[in-house]
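Written out below as structure tokens is the structure these notes cover.
Note that ligands are numbered from 1 as they come in the structure, with each ligand's atoms numbered from 1 the same way.
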Amino acid sequence: MTGQSTPTPATSGPKTLHVNLFEMACVSHIVHGLWREEGNQRHRFGEMAFWLETARKAEAAGMDAIFLADVIGIYDRFGGLDASLRLGLQIPNLDPLSLIPAMAAVTTTLGFAATFSTTYEPPFAFARRMSTLDLLTDGRVGWNVVTSYLPNAARNFGLDGELEHDSRYDRADEYLDVLYKLWEGSWQDDAILQDRDGDRFADPERVRHIDHEGTHFRVEGPHLVQPTPQRTPVLFQATGSPRGLKTASRHAEAVFIGGRTQDEVRAHIARTRAAAAAEGRDPSELKFYVMAGLIAGQTEAEAKEKLARYRRLYSVEGALVHAQAEIDLRQFDPSLTIGEALAQSGRELGNMGRRFGTEQTIGAALTQIASFDEGRFFIAGTPGQIADAIETWLDEDGIDGINLRQYHSFETLDDYASLIAPELRRRGRLPPAAKPGETLRHRLTGRDRLPDTHPAAAYRSAGTLPARHKAHSGVRSDPSTSTSPTPAAPTQDKTLSKEAALP
Ligand SMILES: Cc1cc2nc3c(=O)[nH]c(=O)nc-3n(C[C@H](O)[C@H](O)[C@H](O)COP(=O)(O)O)c2cc1C
């Protein structure tokens, strides 16, 4: 049982850009303060109509997917709960998975990638939820695999503090293995019979328990949902640390990377591909994404005016809350380094290290914040200038796709649709229009199912799951839901690249 579709051969022509709309079901996701702008619709994120309009626009613009970020706690390190609430910074924040069916119902080709953490909720229920979405959307879902980074999230799930960084990834690796067993190995493709005359809906010979017994999880199975178009949803992952890279290179089909310079970006891609090859995967199958900020105007002057308008409202306080800052950078001499300012205050870098380095000056950090911290993948200009930059990112940096940052709803999306996409299309830099019924994976990779070199594929063949233990057919004494993670003292993340660290 492999259920493999043959990949569609790549068409010749220039390399094309995959585009996701970067979203989060809150008022202030990354570029804080801008929700206040006249005409910005972000305050409507709790309305069904807001999401239906977003989905229709994204599909009409030819985007691959709406990519939904998520956190399961609050940013309370800088300014406490008061600041987060006042700024609407990722609170209130709706459940991303619940938005998908509504958006799927008004679209036919758009994909939906949702963030879900492997750290707190057990895999069995998540496997079922994802399969339900894959089934109902005809295979249009993806998953952004995260391990979570907010101490408050840990406290929301019964722990005293975050699990140690690297052990979160150990847990993620096993979590994914459980999911692969459920998604890929539990049901054969032909297990549903719908045989009215024979009185058999499903064939018991073609469905099996998974009997997973690992360090973190014990899951009996079988999976509760029949085979879905993609089985495993398209796997996205962002990482900046050596341990995160190991997990990404084993599992991710699309990896978010950062980098301040072209050399850094290329090195990051090369390192990740090499790590994937070391895991036995075909490194050419990995796609690389960046977060990109594109601010477009008909003329350069119009684009500059738009950028200035956005920057006027940008909240530096929001950036400090989001960065989980240990100190208020605005209170220090700009010529000091962050390390010196921390030493003066008797503080450690902590989670703030996800965004800033100790060697950076306060002045440079504040400038970086005020200019939206977009690094290499930011451009404000005419459609021609933006398309020129994107062609360089594709051909020379080596990326495959972007998550488009939004500054204003729906202005950013409308500008992409009316200014940027037509220019990219004219240059042959967007993939062909998606066909109804095409899965998200097919759109990205030319196949519906994970390739045979992916670790999930190992669970497809009948021999790879253990034979059923006949002895325990009843309820287990230690179901997966009872395995709580053990908390450990938070340690500082060893990030390779800070640019991949947020949000
Ligand atoms: C584009 C992008 C999107 C991300 N989305 C989320 C998210 O929605 N939720 C989350 O907890 N982390 C998110 N992250 C953070 C990553 O999951 C990861 O924690 C971060 O890149 C640091 O890597 P590390 O865990 O290897 O240190 C995102 C990162 C990037 C670059």
Side-chain angles (χ1 to χ4, degrees), residues 18-26 29-31 65-75 89-90 93-97 112-121 142-154 156-157 162-173 235-252 254-259 265 268 271-272 275 287-293 322-324 349-356 373-377 399 401-406 490-503:
H18 290 284
V19 182
N20 296 325
L21 184 71
F22 204 12
E23 256 299 350
M24 185 168 183
C26 63
H29 171 201
I30 323 175
V31 276
I66 293 182
F67 187 105
L68 293 152
D70 193 35
V71 290
I72 38 182
I74 55 165
Y75 291 82
L89 195 147
Q90 304 194 5
N93 168 31
L94 314 186
D95 171 24
L97 294 179
F112 306 95
T115 299
F116 191 84
S117 174
T118 55
T119 300
Y120 301 113
E121 294 183 61
W143 171 29
N144 178 32
V145 183
V146 302
T147 58
S148 297
Y149 51 74
L150 292 171
N152 173 255
N156 289 336
F157 288 89
E162 287 183 281
L163 300 186
E164 189 272 321
H165 176 271
D166 288 6
S167 67
R168 296 204 291 271
Y169 282 102
D170 295 341
R171 191 178 168 87
D173 282 335
L235 299 171
F236 291 84
Q237 197 195 326
T239 182
S241 63
R243 182 62 189 87
L245 172 74
K246 192 165 161 42
T247 293
S249 61
R250 179 169 163 78
H251 303 281
V255 182
F256 283 97
I257 55 160
V265 174
H268 206 141
R271 193 165 53 232
T272 311
K287 299 234 177 289
F288 292 90
Y289 280 68
V290 295
M291 275 190 283
H322 196 171
Q324 304 181 71
L349 191 62
N351 268 337
M352 189 181 171
R354 299 169 52 76
R355 178 144 181 187
F356 302 111
D373 188 24
E374 298 276 7
R376 179 160 178 76
F377 302 102
I399 68 156
I402 61 169
N403 263 12
L404 182 68
R405 281 189 175 203
Q406 297 188 84
T491 58
Q492 195 181 306
D493 298 358
K494 300 182 251 3
T495 51
L496 280 178
S497 160
K498 296 189 193 334
E499 291 75 26
L502 283 175

Item to complete: Give me the one residue out of Asn20, Ile402, Val19, Ile257 that meets side-chain contact (heavy atoms from CB on, under 4.5 Å) with Tyr289.
Response: Asn20
Heavy-atom distances under 4.0 Å decide this one: backbone, side chain, both or neither, for [X] against ligand 1?
{"X": "Tyr289", "value": "neither"}
{"X": "Met24", "value": "neither"}
{"X": "His165", "value": "side chain"}

Fill in: Option set Thr115, Asn144, Leu68, criterion heavy-atom distance to atom 5 (N) of ligand 1, minimum
Asn144
Worksheet item: In chain order, what residues pass the salt bridge (Lys or Arg N to Asp or Glu O under 4.0 Å) check against Lys287, with sequence neighbours excluded?
Response: none
Worksheet entry | Partners passing salt bridge (Lys or Arg N to Asp or Glu O under 4.0 Å) against Asp170 (at least two apart in sequence or in another chain) | Arg243
Worksheet entry | Atom pair CE (Met24) and CG (Leu68), whose distance is rounded to the nearest 0.5 Å | 9.5 Å
Practice prompt. Drop me the distance from Leu97's CG to Asp70's CG, to the nearest 0.5 angstrom.
Written response: 8.0 Å
State whether the shortest distance between N or O atoms of [X] and N or O atoms of ligand 1 falls below 3.5 angstrom.
{"X": "Asn403", "value": "no"}
{"X": "Tyr149", "value": "no"}
{"X": "Gly240", "value": "yes"}
{"X": "Asp70", "value": "yes"}
{"X": "Ser148", "value": "no"}

In terms of atom number and element, which parts of ligand 1 are under 4.0 angstrom from non-hydrogen atoms of [X]?
{"X": "Met291", "answer": "1 (C)"}
{"X": "Arg354", "answer": "15 (C), 19 (O), 20 (C), 22 (C)"}
{"X": "Gly244", "answer": "26 (O)"}
{"X": "Ala69", "answer": "8 (O)"}

Worksheet item: Between His322 and Tyr75, what is the ring plane arrangement, given parallel below 30°, perpendicular above 60°, and tilted in between?
Response: perpendicular
Discussion item. Quick one, Thr239 and Thr247 - any side-chain contact, counting heavy atoms below 4.5 Å?
Written reply: no
Discussion item. Check for me whether Arg243 has a heavy atom closer than 4.0 Å to any atom of ligand 1.
Written reply: no
Discussion item. Ring pair (Phe, Tyr, Trp, His ring centres under 6.0 Å) for His29 and Phe22? Distances and angles first, verdict last.
Written reply: CA-CA 9 Å; His29 171 201; Phe22 204 12; 4.7 Å; yes
Discussion item. side-chain contact (heavy atoms from CB on, under 4.5 Å), that's the test. Do Asn156 and Tyr120 meet it? Break it down for me.
Written reply: CA-CA 9 Å; Asn156 289 336; Tyr120 301 113; over 6 Å; no
